[in-house]
Amino acid sequence: MTDEVLASQPDHRVSGSKRYPRKMAPSKQRSVLLFIRDLLIIFVVALLISFLIKTFLIRSFYIPSGSMENTLQVNDRIIVNQLEPDLIPITRGDVIVFKDPGGWLLPQAEIVQNPIVAGADWLLSVVGLSAPDSNDHLIKRVIGLSGDHVVCCNALGQMSVNDIPLDESAYALLPAGETKVSRDDFDVTIPADSLWMMGDNRYNSKDSRYNGETAGKGYVPVENVVGRALVVSWPLDHWAWLDDYPDVFREVEQTEQGAQHEQGAQ
């Protein structure tokens, strides 16, 4: 009988422990709650900082077309500096992302995503790591600023800005055997607060040359500029800083500065 009682006592204690679990000590419970609170605060602060960076400093876009080859390839992702043009002036040669001035892009079919993918895409877009509106923007190189006289092409197939011929061989992609940097000739003077934009893939870019029938006549309002493309961030084997090739436009700028100096001296 004693053996039976001894054998039943441990079983009784175990079953009792299941019915009445020990409560977590108040100090330990408080530590867990504080840890969870701190994690939430860190997450919210990180999200806020990322949102502010994306809104005012930099953001990501992807390249949907080949109009900027070979500088940019289809599906490249780029980082864009949004301080330009509000704080940093636009210069000739900059690679610029801008909103469609109207009529440059064909209507896009709405992309249908399941709720999980759509939610993840939205969250990434908040912090600037995704660009669901890339199809509503364009990316080209700045050739002419307000007041510039841009003409193409001279006897050597070169384009000129303010009567200065440009050597664009560093970035302009032409078909084999072609020397003209534009298939079609043009002669334009850029209106105030506007830009003349061209793709580096000169024979495969629907840029300022081919949007003359739109409301903006092919010119891009400065207010439509989102920012200057700084770097190719993805894929990793395409990583590169994006050059604005100042040497190409140096003589144009020097001539412009000289004219401004003469006017100031008068």
Quick check against the 3.5 Å criterion: does [X] have a side-chain atom that pairs as donor or acceptor with the backbone of [Y]?
{"X": "S208", "Y": "M197", "result": "yes"}
{"X": "N211", "Y": "D207", "result": "yes"}
{"X": "D76", "Y": "I63", "result": "no"}
{"X": "R202", "Y": "G199", "result": "yes"}

Shared hydrophobic cluster, [X] / [Y] (ILVMFWY, side-chain heavy atoms < 4.5 Å):
{"X": "Y219", "Y": "L138", "result": "no"}
{"X": "V222", "Y": "W104", "result": "yes"}
{"X": "I90", "Y": "I143", "result": "no"}
{"X": "M198", "Y": "Y245", "result": "yes"}
{"X": "I190", "Y": "V142", "result": "no"}

Distance-only side-chain donor-acceptor flag, [X] / [Y], under 3.5 Å:
{"X": "N70", "Y": "Y171", "result": "no"}
{"X": "S169", "Y": "D167", "result": "yes"}
{"X": "S205", "Y": "K140", "result": "yes"}

Working to the nearest 0.5 Å, report the span between [atom1] of [X] and [atom2] of [Y].
{"X": "N224", "Y": "H137", "atom1": "CG", "atom2": "NE2", "value": "9.0 Å"}
{"X": "H238", "Y": "I78", "atom1": "NE2", "atom2": "CD1", "value": "14.0 Å"}
{"X": "L145", "Y": "T91", "atom1": "CG", "atom2": "OG1", "value": "7.5 Å"}
{"X": "L72", "Y": "L242", "atom1": "CG", "atom2": "CG", "value": "5.5 Å"}
{"X": "N204", "Y": "S65", "atom1": "CG", "atom2": "OG", "value": "7.5 Å"}
{"X": "E168", "Y": "M159", "atom1": "CD", "atom2": "CE", "value": "3.5 Å"}

- Message: Go through it in stages, so that I can follow the logic: the residues are K99 and V226, the test is side chain to side chain contact (heavy atoms under 4.5 Å, CB included), and I'd like the CA-CA distance, side-chain angles, deciding distance and then a yes or no.
- Response: CA-CA 7 Å; K99 299 174 185 175; V226 174; 4.1 Å; yes
Taking all atoms of both residues into account, what is the closest heavy-atom pair of [X] and [Y], and its distance?
{"X": "P101", "Y": "V220", "value": "CG-CG2, 4.2 Å"}
{"X": "N75", "Y": "Y62", "value": "OD1-CD1, 4.5 Å"}
{"X": "I79", "Y": "S60", "value": "CD1-CB, 4.3 Å"}
{"X": "V225", "Y": "L195", "value": "CG2-CD1, 3.8 Å"}
{"X": "P165", "Y": "N154", "value": "CB-ND2, 3.9 Å"}
{"X": "V181", "Y": "L174", "value": "CA-CD2, 3.8 Å"}

- Item | Cation over ring face, R77 and F61, 6.0 Å, 45° |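 No; the conditions do not both hold, so R77 does not lie above the ring face of F61.
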Between [Y] and [X], is there a side-chain heavy-atom distance shorter than 4.5 Å?
{"X": "D244", "Y": "P246", "answer": "yes"}
{"X": "F249", "Y": "Q254", "answer": "no"}
{"X": "D187", "Y": "H149", "answer": "yes"}
{"X": "Y203", "Y": "K180", "answer": "yes"}
{"X": "L230", "Y": "R228", "answer": "yes"}
{"X": "W239", "Y": "V232", "answer": "no"}
{"X": "I139", "Y": "I96", "answer": "no"}

- Item | Chi angles and distances behind the side chain to side chain contact (heavy atoms under 4.5 Å, CB included) call for E256, R92 | CA-CA 12 Å; E256 183 179 52; R92 302 175 188 89; 3.2 Å; yes
Please determine whether the number of non-hydrogen atoms from other residues, nucleotides or ligands lying under 6.0 Å from atom [atom1] of [X] exceeds 12.
{"X": "K206", "atom1": "NZ", "value": "yes"}
{"X": "E251", "atom1": "CD", "value": "no"}
{"X": "D163", "atom1": "CG", "value": "no"}

- Message: Please identify which of these residues, V188, L166, N162, T189, meets the side-chain contact (heavy atoms from CB on, under 4.5 Å) condition with V150.
- Response: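 Among V188, L166, N162, T189, the one meeting side-chain contact (heavy atoms from CB on, under 4.5 Å) with V150 is V188.
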- Query: Do the two ring centres, one from F186 and one from W196, sit under 6.0 Å apart?
  - Reply: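 F186 vs W196: aromatic centres under 6.0 Å.
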- May I have the step-by-step check of side chain to side chain contact (heavy atoms under 4.5 Å, CB included) for D100 and D136, ending in yes or no? CA-CA 6 Å; D100 183 359; D136 300 329; over 6 Å; no
- Item | Derivation of the salt bridge (charged side-chain N to carboxylate O under 4.0 Å, His left out) call for D200 and R141 | CA-CA 7 Å; D200 288 354; R141 191 178 297 276; 2.8 Å; yes
- Task: Return the set of residues passing side-chain hydrogen bond (donor to acceptor under 3.5 Å, both in side chains) with S194 (not counting sequence neighbours), or none when no residue passes.
- Result: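 Partners of S194 under the side-chain hydrogen bond (donor to acceptor under 3.5 Å, both in side chains) test: none.
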